[in-house]
Structures are given as C-alpha cells and as structure tokens.
K.L.:
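Structure in structure tokens, see below.
Atoms within a ligand are numbered from 1 in the order they appear, just like the ligands themselves. Residues: numbered from 1 along the sequence shown.
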Amino acid sequence: MTRWLVVGAGGMLGQDLCAALEAAGIAFTASRSADLDIRDHDACSRVVSEHGIIVNCAAYTAVDDAESHEAEAFALNAVGAANLARAAREHGARMVQVSTDYVFAGDADEPYAEDAPLAPRSAYGRTKAAGEWAVEAHCPESWIVRTAWLYGAGGGNFVKTMARLAGERETLSVVDDQRGQPTWTVDLADAIVRIVTSNAPFGVWHGTSSGETTWHGFTQEIFRQLGLDPARVEPTTTDAFPRPAPRPAYSVLGHEGWRMARLAPLPDWRESLAKALPSVVPSV
Ligand SMILES: NC(=O)c1ccc[n+]([C@@H]2O[C@H](COP(=O)([O-])OP(=O)(O)OC[C@H]3O[C@@H](n4cnc5c(N)ncnc54)[C@H](OP(=O)(O)O)[C@@H]3O)[C@@H](O)[C@H]2O)c1
C-alpha cells in the first residue's frame with residue numbers, strides 16, 4: 001500500500017490529517033519540523049523516499065510577520081515546497097501542496113475560479129504563490145489545494161479567540177467588510193484524502209467550505225451556536241483594525257473542480273461549525 005508522508009504533522013491541519021489517515025487505515029509517516037526541516041533539500045530527499053504521497057502542511061503562516069520577514073517566509077513557503085516537490089519527483093511520488101486564498105488580489109465580486117490569475121497583495125501571499133508555481137514546475141503529478149479561514153482543535157485560531165473574548169467582554173466589534181469561507185481543518189483533511197484516493201485530476205483544487213460570510217457573520221454564528229446573544233457582536237470595518245498585511249476584501253473560492261470531478265464539495269460552513277465546536281472550544 002502507498003505510504004503517505006505528512007509534513008508539518010504537528011500543525012493545526014497536520015494533526016487532523018494524521019487523524020483522518022489513521023481513521024481511513026492509510027499507512028503514513030508523521031513528520032514534524034524537528035524530524036525534517038523542509039528548507040534542507042537533501043533532508044527532504046532522504047525523508048521523502050519510500051513514500052508515495054507527500055502532503056505539505058508545513059508553512060510560514062504568520063501573515064503579518066511575513067511583511068517584515070519575507071525572506072524567512074519565502075524560505076519555507078517557496079523553497080521548502082520546491083524541495084519537497086523535487087524530492088517527490090525524484091522518488092516517483094505524488095504531492096499535495098496546501099495553499100491559500102491570499103494568492104489572489106481579493107478584490108473580486110464573484111468566487112475565484114481555480115484557474116483565476118494570481119495577484120497576491122501580501123508577502124505571505126507572494127511566497128505561497130511562488131510555492132504553488134514551484135510545486136507545479138517540479139512535480140507535475142501534484143494537487144495544489146487552496147484553503148482559507150482555517151480553524152481546528154490543534155492550533156490557535158479565530159473561533160477559539162472569539163469564544164475566549166465572549167467570556168471577557170460584553171460586546172465585540174468584528175469586521176464586516178471581508179468575505180470568505182470559514183473552513184474546519186477536519187473537513188479539509190477529509191477533502192485531501194478524498195482527492196488523492198479518488199485519483200482526482202492533478203492541478204488546483206479549492207478546499208474551502210460551501211457558503212460564505214464575513215468575519216462579523218462568522219462571529220455571530222459562533223455566538224448563536226454557543227447559546228450566546230449574537231447582538232453582542234457589532235459590525236466594524238477593516239480600516240478600524242490596521243494590520244501590517246493587507247487583508248483580502250473578497251476571498252470566496254469557487255468549487256467548480258469538485259463538480260467537474262463529480263466529488264462532493266466541502267460542507268456548508270455553518271453545518272461544520274456545529275460539528276466542530278465541541279472539540280475546538282471544549283471548555284465553553
Ligand atoms: N490557518 C489558516 O487560516 C490558513 C489559511 C489559508 C491557508 N493555510 C495554509 O494551510 C496550511 C496549514 O496551515 P496551519 O494553520 O495548519 O499551519 P500551522 O498550524 O501554523 O502549522 C505549520 C507547521 O509548519 C511547520 N514548520 C515550520 N517551519 C518548518 C520547517 N522549517 N520545516 C518543516 N516544518 C516546519 C510547523 O512545525 P513546528 O510547529 O514544529 O515548528 C507547523 O507544524 C499551510 O500551508 C497554510 O499556508 C492556512
């Protein structure tokens with residue numbers, strides 16, 4: 001049986017991917033940064049050998065820090081991805097590269113198609129776009145899976161922050177002028193397993209929930225599902241929260257690839273939030 005290598009296995013997505021592989025009875029090696037530094041090509045080649053599927057969940061994910069540390073972000077998101085892709089090609093393996101909505105400009109008014117032109121506006125987005133190109137160039141037998149607005153039990157994220165703030169403040173102001181698709185890492189892990197095991201076409205896939213909302217709408221739904229009053233969540237604008245990295249106003253990704261391949265897209269974000277809350281915020 002083909003053995004999988006999960007790179008970045010200790011991260012938020014990596015942990016849920018390992019759980020999904022375990023549940024599916026798929027043999028895999030979980031690799032953390034202490035086991036493999038993906039900036040080291042020779043080490044990548046050594047670790048990749050004897051694996052048929054390489055999933056890269058490792059990344060420099062600090063979007064704001066990347067603005068002042070673009071070289072470090074590039075070393076991981078572009079060079080690291082390239083190292084894994086070269087090693088995958090060398091050993092006849094296939095690769096899944098996890099990418100992001102930040103590769104787009106975020107100024108559209110309809111969902112981004114899988115083949116929409118890239119136009120990143122942030123350092124993080126530029127380095128992830130370079131990672132996509134590197135993987136496509138070095139390992140044509142690869143799937144680029146773009147995701148966005150991720151939350152899960154195994155990492156710090158928006159859902160945990162909002163649940164904590166709900167206990168600390170009477171009202172919260174949350175931006176209502178950025179649209180996207182909140183996505184549970186368990187759904188994304190399942191989507192990655194389905195893409196690979198169904199031998200879906202190589203190329204770009206959009207691994208985000210169905211439906212869309214704003215951060216404000218998302219927070220109101222978190223409150224509602226936690227039995228709290230959603231009126232405590234007030235709308236505000238992006239301008240009220242200046243950040244080093246520009247935020248995309250519109251990050252909704254289209255799911256045509258799923259339809260074309262006759263595979264079920266990821267569930268609606270509200271449905272998944274309801275399933276996720278007991279594990280993501282168990283103490284609430
Ligand atoms: N989080 C989001 O909202 C979001 C949105 C869109 C796309 N994505 C993409 O989704 C993927 C997973 O994100 P995530 O939130 O699960 O990330 P995460 O929790 O920040 O995990 C990233 C992982 O990368 C590992 N790593 C760091 N430096 C490394 C190195 N030199 N060599 C090998 N591994 C290294 C880290 O390991 P250590 O902890 O051991 O250092 C960590 O486990 C990434 O590709 C990210 O770009 C995330």
K.L.:
Could you check whether atom CZ of R39 has more than 12 heavy atoms from other residues, nucleotides or ligands sitting under 6.0 Å from it?
P.N.:
no
K.L.:
Strictly under 4.0 Å, does any heavy atom of S99 approach an atom of ligand 1?
P.N.:
yes
K.L.:
Among all protein non-hydrogen atoms, which one is nearest to atom 44 (C) of ligand 1, and what is the separation to 0.1 Å?
P.N.:
A59 CB, 3.5 Å
K.L.:
Tell me the nearest of L150, V63, T61 to atom 17 (O) of ligand 1, using heavy-atom distances.
P.N.:
T61
K.L.:
How far is atom 32 (N) of ligand 1 from its nearest protein heavy atom, and which residue and atom is that?
P.N.:
I38 N, 3.1 Å
K.L.:
Per the side chain to side chain contact (heavy atoms under 4.5 Å, CB included) rule, which among L13, L253, L150 passes with T183?
P.N.:
L150
K.L.:
Quick one: does M12 get an N or O within less than 3.5 Å of an N or O on ligand 1?
P.N.:
yes
K.L.:
Which ligand 1 atoms does K128 reach within 4.0 Å, using its non-hydrogen atoms?
P.N.:
44 (C), 45 (O), 46 (C), 47 (O)
K.L.:
Does a sphere of radius 6.0 Å around OH in Y250 hold more than 12 heavy atoms from other residues, nucleotides or ligands, not counting ones at 6.0 Å or beyond?
P.N.:
yes
K.L.:
Between the side chains of R194 and D190, is the shortest nitrogen-to-carboxylate-oxygen separation below 4.0 Å, so that they form an ion pair?
P.N.:
yes
K.L.:
Any N/O of G14 closer than 3.5 Å to an N/O of ligand 1?
P.N.:
no
K.L.:
In ligand 1, which numbered atoms sit nearer than 4.0 Å to a non-hydrogen atom of L36?
P.N.:
32 (N), 33 (C)
K.L.:
Surrounding CD of E256 (heavy atoms of other residues, nucleotides or ligands, distance under 6.0 Å), is the total greater than 12?
P.N.:
yes
K.L.:
Pairs of nitrogen or oxygen atoms closer than 3.5 Å, one from D37 and one from ligand 1: do any exist?
P.N.:
yes
K.L.:
Under the 3.5 angstrom rule, does the side chain of K160 hit a backbone N or O of G155 as a donor-acceptor pair?
P.N.:
yes
K.L.:
Verify whether one side chain among S142 and Q97 offers a donor that lies under 3.5 Å from an acceptor in the other.
P.N.:
no
K.L.:
Below 4.0 angstrom from a heavy atom of G10, which ligand 1 atoms are there? Numbered from 1 as shown, please.
P.N.:
43 (O)
K.L.:
Just heavy atoms, cut-off under 4.0 Å: does T185 contact ligand 1 by side chain, backbone, both, or neither?
P.N.:
neither
K.L.:
With a 4.0 Å cut-off on heavy atoms, is A148 touching ligand 1?
P.N.:
yes
K.L.:
At a non-hydrogen distance cut-off of under 4.0 Å, which region of R146 contacts ligand 1 (side chain, backbone, both, or neither)?
P.N.:
neither
K.L.:
Under a plain distance cut-off of 3.5 Å, with no hydrogens placed, do S45 and H91 share a side-chain donor-acceptor pair?
P.N.:
yes
K.L.:
Please report whether atom 36 (C) of ligand 1 has a protein non-hydrogen atom at a separation of less than 4.0 Å.
P.N.:
no
K.L.:
Inspect the contact between R146 and E132 and indicate whether a charged nitrogen and a carboxylate oxygen are less than 4.0 angstrom apart.
P.N.:
yes
K.L.:
How does R32 reach ligand 1, if at all, at less than 4.0 Å between non-hydrogen atoms: by side chain, backbone, both, or neither?
P.N.:
neither
K.L.:
Just checking, any donor-acceptor pair under 3.5 angstrom between side chains of T237 and D177?
P.N.:
no
K.L.:
Provide the number and element of each atom of ligand 1 under 4.0 Å from a heavy atom of A58.
P.N.:
23 (C), 24 (O), 25 (C), 34 (N), 35 (C)
K.L.:
Nearest to atom 6 (C) of ligand 1, what protein heavy atom do you find, and at what distance?
P.N.:
T147 O, 3.3 Å
K.L.:
T197 and I26: side chain to side chain contact (heavy atoms under 4.5 Å, CB included), yes or no, with the steps?
P.N.:
CA-CA 10 Å; T197 57; I26 295 171; 4.0 Å; yes
K.L.:
Give me the nearest non-hydrogen protein atom to atom 39 (O) of ligand 1 as residue plus atom name, then the distance to 0.1 Å.
P.N.:
S33 OG, 4.7 Å
K.L.:
To the nearest 0.1 Å, how far is atom 43 (O) of ligand 1 from its closest protein heavy atom, and which atom is that?
P.N.:
G11 N, 3.0 Å
K.L.:
Check this for me: E110, atom CD, are more than 12 non-hydrogen atoms of other residues, nucleotides or ligands nearer than 6.0 Å?
P.N.:
no
K.L.:
Identify which of Y60, W149, Y124, F158 has a heavy atom lying nearest to atom 46 (C) of ligand 1.
P.N.:
Y124
K.L.:
Is the ring centre of W269 less than 6.0 Å from the ring centre of W184?
P.N.:
no
K.L.:
Which atoms from ligand 1 have a heavy atom of L76 less than 4.0 Å away?
P.N.:
27 (C), 28 (N), 29 (C), 30 (C), 31 (N)
K.L.:
Closer than 4.0 Å to some heavy atom of V98 - which atoms of ligand 1 meet that?
P.N.:
9 (C), 10 (O), 11 (C), 45 (O)
K.L.:
What atoms of ligand 1 come within less than 4.0 Å of a heavy atom belonging to L13?
P.N.:
12 (C), 16 (O)
K.L.:
Between C57 and ligand 1, which residue portion shows a heavy-atom distance shorter than 4.0 Å: side chain, backbone, both, or neither?
P.N.:
backbone
K.L.:
Within the supplied structure, the quantity of interest is the number of heavy atoms (other residues, nucleotides, ligands) at a distance under 6.0 Å from E22 CD; does it exceed 12?
P.N.:
no
